[in-house]
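Single-structure report; data block below.
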Amino acid sequence: MSIAVESPGLSETQRQIVELARDFARTKIEPFAAEWDRTRHFPRDVIAELGELGFLGMCTPEAWDGMGVDGVTYLLALEEIAAADAAISVSMSIQNAIPTTMLVKHGTPEQRERWLKPMARGELLAGFALSEAEAGSDAASLRSQATKDGKHWVLNGTKAWATNAGTADLMMIMVRTDEPDRRRGAKGISTFIVPTDTPGYRAGKPEDKMGLRASNTATVALEDLKLGPEQLLGDEGMGFVYAMEGLDAGRLGIAIQAVAIARRALELSLAYCAERRQFDRPLQDFQAVQFKLADMATRVEAARALAHLAAARKDRGEPATASASMAKLFASETAMWVTTQAVQLFGGYGYMRDFPVEKLFRDAKVTEIYEGTSEVQRIVIARSLSGR
Ligand SMILES: Cc1cc2nc3c(=O)[nH]c(=O)nc-3n(C[C@H](O)[C@H](O)[C@H](O)COP(=O)(O)OP(=O)(O)OC[C@H]3O[C@@H](n4cnc5c(N)ncnc54)[C@H](O)[C@@H]3O)c2cc1C
């Protein structure tokens with residue numbers, strides 16, 4: 001049995017997309033991932049190539065220059081990229097999910113022409129900035145502010161931990177548009193489309209992270225950043241709703257990223273246990289080792305199935321918020337558990353930077369934190385169970 005997704009059961013289109021993504025991942029990403037991790041190098045050229053292949057606009061309708069594929073097919077491709085390097089896949093995931101969903105659902109025809117089409121063609125890289133230092137899980141308590149200056153908006157504040165903030169061409173930024181003395185909670189937040197070369201946009205130095213080290217994560221200072229009315233997305237005061245819609249899609253991407261990290265750890269563990277000998281036999285001959293590998297494989301399959309189920313529900317237009325949270329919760333905890341087992345199976349070598357399971361272990365952790373922590377996913381799931 002194969003741990004990766006194999007052809008039987010896939011449509012012809014899916015098979016071709018998986019092959020294209022796997023080939024790209026294995027030749028253009030995997031051989032360099034350890035070095036990028038060590039040097040914290042964000043390979044913008046590789047991201048551009050992903051864009052040229054259409055992987056940065058996979059779910060964008062063809063009318064707006066995207067591939068127009070369904071969510072399951074998108075996850076199949078993303079898994080291949082993430083199995084090679086989760087730090088690269090996070091850019092692909094964010095672009096396809098959050099800014100794209102926002103523009104597809106709420107952009108004006110002019111905004112789609114100006115931003116969505118070049119994003120889908122891979123010419124522009126996008127990110128989103130919701131979190132602030134004091135507003136993470138409770139994102140609706142954010143404080144960055146936009147005030148009106150005639151027809152224009154002027155943004156001030158600081159966003160935290162924004163992926164691609166220092167490398168993107170545009171960011172979707174959530175700020176308050178309600179009056180400081182008349183706060184309206186989540187209803188007082190709006191989304192703005194902000195080109196990163198706008199005066200007053202300043203990305204901080206890249207964060208020095210535990211994992212995903214090749215990915216750019218930075219604070220964003222908004223300093224009297226002036227925007228035209230055409231840069232407001234959708235309706236004033238609806239920005240938080242748009243962010244949550246985007247996160248439904250985003251969480252599926254993070255779920256499959258976690259599946260990919262776990263799958264890679266399992267593939268490496270299988271190869272290592274076949275080769276490594278102790279007590280005159282390969283590790284794989286010990287039943288305790290076999291049981292560990294069996295449990296790892298079972299969890300990888302279950303996590304992938306849950307992610308695909310949630311994507312299929314979303315594709316059918318069914319409510320999928322709780323499904324996406326379940327998929328992200330289960331897959332991220334699977335990634336952490338499987339990579340922990342992998343390090344254990346590699347023994348002392350597993351603890352060394354020279355062996356790839358150490359990176360997978362570090363990369364896995366963030367999947368339990370970003371786009372909503374595991375606790376936040378449990379809150380979302382519990383709320384859906386009680387019908388709230
Ligand atoms: C590498 C990386 C990339 C990121 N990229 C982005 C990005 O592109 N855009 C963006 O906007 N943000 C991004 N983030 C931010 C990320 O979404 C937040 O870190 C995350 O939402 C958690 O917020 P926090 O760090 O403030 O933790 P806190 O909210 O302070 O939580 C701390 C702990 O308390 C727990 N907790 C909080 N509230 C509750 C509760 N009600 N019940 C139980 N437990 C609770 C949390 O689960 C967590 O364990 C990124 C973060 C990282 C690390």
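No hydrogens, no waters, no symmetry mates; every other heavy atom, side chains included, goes into these values. Whatever order the structure lists them in is the order used to number ligands and atoms, beginning at 1. For this chain, numbers begin at 1 and follow the sequence in order. Just so you know, these numbers come straight off a predicted model, no measurement behind them.
For the pair Asp169 and Leu124, the tightest heavy-atom approach, listed with the atom from each and the gap, is OD2-CA, 3.3 Å. For Val357 against Ala342, the heavy-atom pair with the smallest separation is CG1-CB, 3.9 Å. Nearest heavy-atom pair across Phe192 and Ala146 is CE1-CB, 3.9 Å. For Met171 against Thr163, the heavy-atom pair with the smallest separation is CE-O, 4.0 Å.
The nearest heavy-atom contact from the protein to atom 39 (C) of ligand 1 is Ile379 CD1, 4.7 Å. Of all protein heavy atoms, the one lying nearest to atom 46 (C) of ligand 1 is Thr373 OG1, 3.7 Å. Ranking the protein heavy atoms by distance from atom 2 (C) of ligand 1 puts Tyr370 CD2, 3.6 Å first. Gly136 CA, 3.2 Å is the protein heavy atom nearest to atom 26 (O) of ligand 1. With respect to atom 36 (N) of ligand 1, the closest heavy atom belonging to the protein is Ser137 OG, 4.3 Å. Remark: minimum distance from atom 49 (O) of ligand 1 to any protein heavy atom is reached at Glu375 OE1, 3.5 Å. Distance from atom 12 (N) of ligand 1 to its nearest protein heavy atom, with residue and atom name: Ser131 OG, 2.7 Å.
Between the side chain of Thr219 and the backbone N or O of Lys159 there is no donor-acceptor pair closer than 3.5 Å. Under the 3.5 Å distance criterion, the side-chain polar atoms of Glu52 are left unmatched by any main-chain donor or acceptor of Gly122.
By the 3.5 Å distance cut-off applied to N or O atoms, Trp161 is counted among the residues near ligand 1. Residue Phe128 has at least one nitrogen or oxygen atom sitting less than 3.5 Å from a nitrogen or oxygen atom of ligand 1, judged on distance alone. For ligand 1, one of its N or O atoms has an N or O atom of Leu130 under 3.5 Å away.
Ion pairing between a basic and an acidic side chain is recognised when a charged N comes within 4.0 Å of a carboxylate O; Lys359 and Asp85 show such pairing. Look at Arg251 and Glu371 and you find no salt bridge, because none of the NZ, NE, NH1 or NH2 atoms lies under 4.0 Å from a carboxylate O.
Only the side chain of Val366 comes within 4.0 Å of ligand 1, counting heavy atoms alone; its backbone N, CA, C and O stay farther away. At a heavy-atom distance under 4.0 Å, no atom of Val376 approaches ligand 1. Contacts with ligand 1 closer than 4.0 Å are made by backbone heavy atoms (N, CA, C, O) of Ala162 only, the side chain lying farther away. Residue Glu371 touches ligand 1 through its backbone alone, judged by heavy-atom distances below 4.0 Å. Using a 4.0 Å cut-off between heavy atoms, Thr163 contacts ligand 1 through both its backbone and its side chain.
A distance of 6.5 Å separates CZ of Arg304 from NE2 of His308, quoted to the nearest 0.5 Å. For the atom pair Arg264 CZ and Thr339 OG1, the distance stands at 14.0 Å (nearest 0.5 Å). In this structure, CG in Asp65 is found 4.5 Å from CZ in Arg121, a value given to the nearest 0.5 Å.
Counting only heavy atoms, the protein gets under 4.0 Å from atom 41 (N) of ligand 1. Shown here, atom 31 (O) of ligand 1 is in close reach of the protein: a heavy atom of it lies under 4.0 Å off. Atom 6 (C) of ligand 1 is flagged as protein-proximal [any protein heavy atom, distance under 4.0 Å]. Protein heavy atoms come within 4.0 Å of atom 10 (C) of ligand 1.
Residue-ligand proximity, Lys209 to ligand 1, at heavy-atom distances under 4.0 Å covers atoms 1 (C). Those atoms of ligand 1 that come under 4.0 Å of a heavy atom in Ile369, given as number and element, are 20 (C).
The closest side-chain donor-acceptor pair between Gln377 and Ser325 falls under 3.5 angstrom.
Contact annotation: Asn164 has no heavy atom less than 4.0 Å from any atom of ligand 1.
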* Phe55/Met67 under side-chain contact (heavy atoms from CB on, under 4.5 Å): CA gap, chis, key distance, verdict -> CA-CA 8 Å; Phe55 287 130; Met67 249 193 220; 4.0 Å; yes

